[in-house]
Q: 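After the structure tokens below, expect a handful of questions from me.
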There are 2 protein chains.
Amino acid sequence: MTLSEEDYIKIIYHLGKGDLGSVSTNSIAERMETKPSSVTDMIKKLSEKGLVNYKKYQGVTLSEYGLKTALSIVRKHRLWEVFLVEKLEFSWDEVHEVAEQLEHIKSEKLVDMLDKHLGFPQIDPHGDPIPSKDGEFKKSIKRLLNEVPIGKEGICVGVKDSSPPFLKFLDKNKIALGDSISVIDKEEFDGSLHIKIREVDIHISDQIASNLYLRIIE
Amino acid sequence: MTLSEEDYIKIIYHLGKGDLGSVSTNSIAERMETKPSSVTDMIKKLSEKGLVNYKKYQGVTLSEYGLKTALSIVRKHRLWEVFLVEKLEFSWDEVHEVAEQLEHIKSEKLVDMLDKHLGFPQIDPHGDPIPSKDGEFKKSIKRLLNEVPIGKEGICVGVKDSSPPFLKFLDKNKIALGDSISVIDKEEFDGSLHIKIREVDIHISDQIASNLYLRIIE
DNA sequence: ACAAATTTTTAGCTTTGCCTAAATTTTAAT
DNA sequence: ATTAAAATTTAGGCAAAGCTAAAAATTTGT
């Protein structure tokens, strides 16, 4: 697979996930930042290679083989994102561009060992689930922190209240988008939470917890 | 810079280091596993871009700019090799192919943070020195372990005695090619050494030490 | 239903990096 | 000093992946 073929497969995967039907030539062109005519050319090639199902003027869908390929690329992309954030101190919003390059590195051992090195993460810094080696993956859902079950881990993906005092609080406590948070325990008395973030335990009020969104694995 | 251009620059750098004069078209072709005519084409392009000095039929040398570029690629290659061995448990001889791909990833921050993550290593798993960010680097030399000064660190790069009993000893003590070894102390009485390898201290006889080659930074 | 608008495909051309075959230059041998 | 051998370059082509312009198919609006 060439680099370009991989990009197309990944984009067809992402576009096809939302929709129910097949993916249009124009939508692919837009995402690839290329012209529809170029897309037609590539689709033909992918079709010949058995990666997509294609009928003229009808758009494309991934074949089973194409889907497997797409998931392997997504897996690599998300594992590298975790690596960049957890090991190299990249922030949440800096990782995409670099992961976009790293996802094309070809070495099965590299991916497996990276996975192991990272402790087999299930979720990336944007809260998206990481496909397993054989292409399975969990669905993720967005929940307010105070609704996350005890013991669960999630990624901080947003705030409900975006007032300066709240944001300042988050900043002071070093809670940022992309951070991984686990719920250790909940106080029955006031609904306050004990959470673990960056290997430290902190205690936060229900008020805080009900204004922070996490993305967790179901 | 395209991927291919980077490969040429790196190869010209490596070929030019040994020789005194300029690098021949044929030698580049051999290393690139391509034809001399293709090399000529590429050399012209590199020359136009100011990366090499070229006169027809006279071979090429790197320009100052070309050298800087080459060193940056070598730096990335060797840092990734350290990463693969130290963090992902790759062995000495498995890293090259993967590093060959990783060296082309474009992100200055990635390289800087990787360097930091690895503790600013000066030497790669083959014992070759890693250029600093601004392209300087130390010379490395090969020494028998018993001749390495106390306090120095080096990479195990070979054995003098390759008899089964010796190799078995190395295996039992988990000493392998590519391992980083530091000399902690030397006993005056029998010349035996205290060394640190993989974060553990062990004690070895002078006999052993005088049959193991390390590559150290001068 | 059917013309207009939109989407998709085709045809033909460009660039990059490679190739083969032939021409040219340099090097080596007698 | 010539000539044979080896190295290098030129010329002309090919495949991948893109582009523009024009043709064809589909969808939409009334």
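Below, chain A is the first sequence line, B the second, and so on; all start at residue 1.
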Q: Should Thr34(A) be listed as having a side-chain N or O under 4.0 Å from OP1 or OP2 of dC19(D)?
A: yes
Q: Does dT9(C) have its OP1 or OP2 closer than 4.0 Å to a side-chain nitrogen or oxygen of Tyr54(A)?
A: yes
Q: Give me each pair satisfying salt bridge (charged side-chain N to carboxylate O under 4.0 Å, His left out) with a member in residues 24-39 of chain B, each pair once, sequence neighbours excluded.
A: none
Q: Does any residue of residues 3-13 of chain A have a heavy atom under 4.0 Å from DNA chain D, and if so, which ones, in number order?
A: Ser4(A), Tyr8(A)
Q: Would you mind listing every ring pair (Phe, Tyr, Trp, His ring centres under 6.0 Å) that reaches into residues 102-126 of chain B, with sequence neighbours excluded?
A: Trp92(B)-His126(B)
Q: Could Lys133(B) and Asp115(B) be called an ion pair, given the rule that one side-chain N must be under 4.0 Å from one carboxylate O?
A: no
Q: Between protein and nucleic acid, restricted to nucleotides 1-4 of chain C and to nitrogen or oxygen atoms under 3.5 Å apart, what atom pairs and distances do you find?
A:
none

Q: In whole angstroms, how far is the C1' atom of dC19(D) from the CE atom of Met42(A)?
A: 14 Å
Q: Does Ser63(B) reach the main-chain N or O of Leu51(B) with its side chain, forming a donor-acceptor pair under 3.5 Å?
A: yes
Q: Run the salt-bridge test on Glu218(B) and Lys138(B) with the 4.0 Å N-O cut-off and return the result as yes or no.
A: no
Q: Please report, rounded to the nearest Å, how far the P atom of dA16(D) is from the CE atom of Met1(A).
A: 15 Å
Q: Can you list everything that forms a salt bridge (charged side-chain N to carboxylate O under 4.0 Å, His left out) with Lys49(A)? Sequence neighbours excluded, please.
A: Glu5(A)
Q: Anything under 3.5 Å between a protein N or O and an N or O of nucleotides 20-27 of chain D, put it in a table, one pair a line.
A:
{"unit_1": "dT20(D)", "atom_1": "O4", "unit_2": "Ser37(A)", "atom_2": "OG", "d": "2.9"}
{"unit_1": "dA25(D)", "atom_1": "O4'", "unit_2": "Tyr57(A)", "atom_2": "OH", "d": "3.4"}

Q: Output all residues satisfying side-chain contact (heavy atoms from CB on, under 4.5 Å) with Pro164(B), sequence neighbours left out; order by chain, then residue number.
A: none
Q: Might you list the N or O atoms of the protein lying below 3.5 Å from N or O atoms in nucleotides 4-6 of chain D, with each pair's distance?
A:
none

Q: Closer to the 5' end of DNA chain D via nearest nucleotide, is it Pro36(A) or Lys44(B)?
A: Lys44(B)
Q: Is it true that Glu97(A) and Ser107(B) share a donor-acceptor pair across their side chains at a distance under 3.5 Å?
A: no
Q: The criterion is side-chain contact (heavy atoms from CB on, under 4.5 Å); which residues satisfy it with Lys174(A), sequence neighbours excluded?
A: Arg198(A)
Q: Could you tell me the separation between the CD atom of Glu33(B) and the C1' atom of dC19(C), rounded to a whole number of Å?
A: 16 Å
Q: Taking atom types as modelled, is there a side-chain donor on Ser24(B) or Asn26(B) under 3.5 Å from an acceptor on the other?
A: no
Q: In whole angstrom, give the distance that lies between atom CG of Asp41(A) and atom C1' of dC19(D).
A: 10 Å
Q: So, using side-chain contact (heavy atoms from CB on, under 4.5 Å) as the criterion, who are the partners of Asp134(A) when residues are at least two apart?
A: Ser132(A), Glu136(A)
Q: Who pairs with Lys44(B) by salt bridge (charged side-chain N to carboxylate O under 4.0 Å, His left out), at least two apart in sequence or on another chain?
A: none
Q: If you look only at pairs with a residue in residues 56-82 of chain A, which of them pass as a ring pair (Phe, Tyr, Trp, His ring centres under 6.0 Å), with sequence neighbours excluded?
A: His77(A)-His96(A), Trp80(A)-Phe83(A)
